[in-house]
Amino acid sequence: METAIIQGLNGITWAMVLFLLASGFTIIYGQMRIVNIAQGSYYLLGAYAAISLAAHTGNFWLAALVSSLLVGALGLVTEFVAIRPLYEAPLYQILLTFGMMLVIGEMAKIVWGTIPLTLDPPALLRGRIEYAGVMFTRYRLAVILFGCVVAVSLWLVYVKTTLGAVLRAIVDDRQMAAGLGIDIQRVGMVSFAAGAALAALGGIAAAPIIAVYPGADLEVLLYAFAVVIIGGAGSLKGAFVASLLVGVFDVVAKGVMPELSRFTIFGLMAVVLTVKPVGLFGRG
Amino acid sequence: MKRLVGIVLVAALGGLLWALPAFGPSDYVIAFAARLLALALLAGSFNLLMSFTGMVSFGHSAFFGVGSYAVALLYRRDSNPDAAWALLLAFAVAACVAAALAPSVLRTSGVYFVLLSLALGQVIWGIVDGWRSVTGGTDGVIIAAPLWTVLWPLDTAAATLRFTIVVGMLGLAMLYVIVTSPFGAGLTGVRESPIRMQALGFDVFRLRYLAFVLACGFAGVAGGLLAIINRFTSPDSMSVRLSVELPLIVILGGKGSFWGPLVAAVLLFTAEELISVLTPMWPLVLGLLFMTCVYVLRYDVMRVAANHHLFSTRGRQTEGSRADGAASL
């Protein structure tokens, strides 16, 4: 029983990392109709930058903040320089962001080497806590909490603010939103930066739990895709629900049959798509 | 007339390749020429999807890899059948895997098709990479058996190259026949306007399904050839990089052209080989190449300059169909 609970909590922790990554992807897709293959690279860069910054400053929180801001700024620049000339050319956007993934991956290999690196959790979150016979690390619990806080804040922004209304309008009908005087390019630029920063946060949150290494970008990208496919592209609610599904399912499957764990994710995707081809919360 | 010129050119090229070993290059060069031919067949099979059916799959290399594993694992057993049979098996296995997985992929369109095909390719890679007891994991599978065919034994690099020429030319010829057949015309119709095809009474899903299964089958043959040439296969044969190189190749060679992408494949993979010898950072160069190509060729998408491409002969789309195409991807 204890192991089952711990496995479940591990699954939820992983789910929160996936949510940070996939929510960024889904925001970018929802606001800009761009499939950002480089999303995994932002995850990788966020984690690597935080590791370097933490090594220099010795402060986890500062490193996490600066790293996510840096990656967000990189997203802003990328959108302006690279993505903007390619609006309405989806295939070319995919190829471009794939090229970016290769370039960033190789650069990261040059800067940070090929040995898997990890980040030390902050002093406040070291050690374990025990409740009713279940031992669980503080850090993982903090990741779960953080993921939920981000999810709730995003939800509040989307539902309660004027900015949220603008964002939802663009998801629903880009042309109409533009016609109403919304500057969809500027919103897109900010969304791209926010999406990149969210992916970086995912990488930072994951870095103390699972190591960062060359190739991790592609690996997490697959999970982000699974989440987006299951939850529905462009839907934040879908990203949250699907992250929980994929995260828990993945951890359990890895425990039961490690060799074929990837197939179970595809099985999950196939089942969902058979029932609803646009994902659980997707709309056309 | 144009077709005749094409046939003569291809025959001349095949003859030249056939005679290549006579000029006394090293086995490395001969094997490399054979690999290029196998990769050209892969590009041709992908082109059937992208140019002639309008489906841009980002997981095509998975079926290439499935074919190569089908052949390699066949020879790991104690049997040693004719290599041609092994390639037929590669076709069958890749096509069957595609036939089983296609329904869930082809039901989707647009962004879901992109994500799902890429994810599917990665999943197949993950299974092969992880299932050590059967596939040997990252170590791959070595073919130790002395290969042979009914034509000649594949005991030298030259013999393997000539076998590859026979199979590769046959495969490409079959793809050409498919593309120019009434069935191919149906596929082009699906690419141009699925809705109108449906209105004309065609079963759009069935056409797409058949094209997908056929293309994956040919990719399997190409993969099987690669395994035979290298006497080895590994999960690298189904890397996502290869999957995404394929659409780049088609764009470089000219979408809608049959021959252009084959030439582009030869050029790109030659560049890959040459640059990989010089530096381990080929992915960096490839990434920059991706970004450059996208910028140079993006005007085609915006219909400013349609003649940017090498060899673009067919598939000039009307404005309306361009809009359809943009919406479907």
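All heavy atoms count here, side chains included; hydrogens, waters and symmetry mates do not. In the text below, chain A, chain B and the rest are named by the order of the sequence lines, each starting its count at 1.
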A/Phe80-A/Phe192 aromatic ring centre distance below 6.0 Å = no

Chi angles and distances behind the side chain to side chain contact (heavy atoms under 4.5 Å, CB included) call for B/Phe63, B/Phe212 = CA-CA 11 Å; B/Phe63 300 96; B/Phe212 192 81; 4.3 Å; yes

Interchain contact, [X] with chain B, by part (heavy-atom threshold 4.5 Å):
X        : result
A/Val35  : side chain
A/Ile37  : side chain
A/Tyr223 : neither
A/Met100 : both
A/Ala224 : neither
A/Ala233 : both
A/Leu221 : neither

Stepwise, does the side-chain hydrogen bond (donor to acceptor under 3.5 Å, both in side chains) test hold for B/Ser61 with B/Trp125?
-> CA-CA 9 Å; B/Ser61 76; B/Trp125 173 85; over 6 Å; no

Looking at B/Leu116, B/Leu118, B/Leu248, which one has more heavy-atom pairs under 4.5 Å with chain A than the rest?
-> B/Leu116

Taking B/Val244, B/Leu120, B/Leu101 one by one, which has the highest count of heavy-atom pairs under 4.5 Å against chain A?
-> B/Val244

Take A/Met32 and A/Gln93 through the side chain to side chain contact (heavy atoms under 4.5 Å, CB included) test and state the conclusion after the steps.
-> CA-CA 11 Å; A/Met32 310 172 72; A/Gln93 290 162 355; over 6 Å; no

Apply side chain to side chain contact (heavy atoms under 4.5 Å, CB included) to B/Cys293 and A/Leu95, showing your working.
-> CA-CA 9 Å; B/Cys293 289; A/Leu95 294 181; over 6 Å; no

Let me see the working for A/Tyr43 and A/Glu219 under side-chain hydrogen bond (donor to acceptor under 3.5 Å, both in side chains), right down to the final yes or no.
-> CA-CA 11 Å; A/Tyr43 168 101; A/Glu219 209 159 305; over 6 Å; no

Report yes or no: do A/Tyr29 and A/Gln39 form a side-chain donor-acceptor pair below 3.5 Å?
-> no

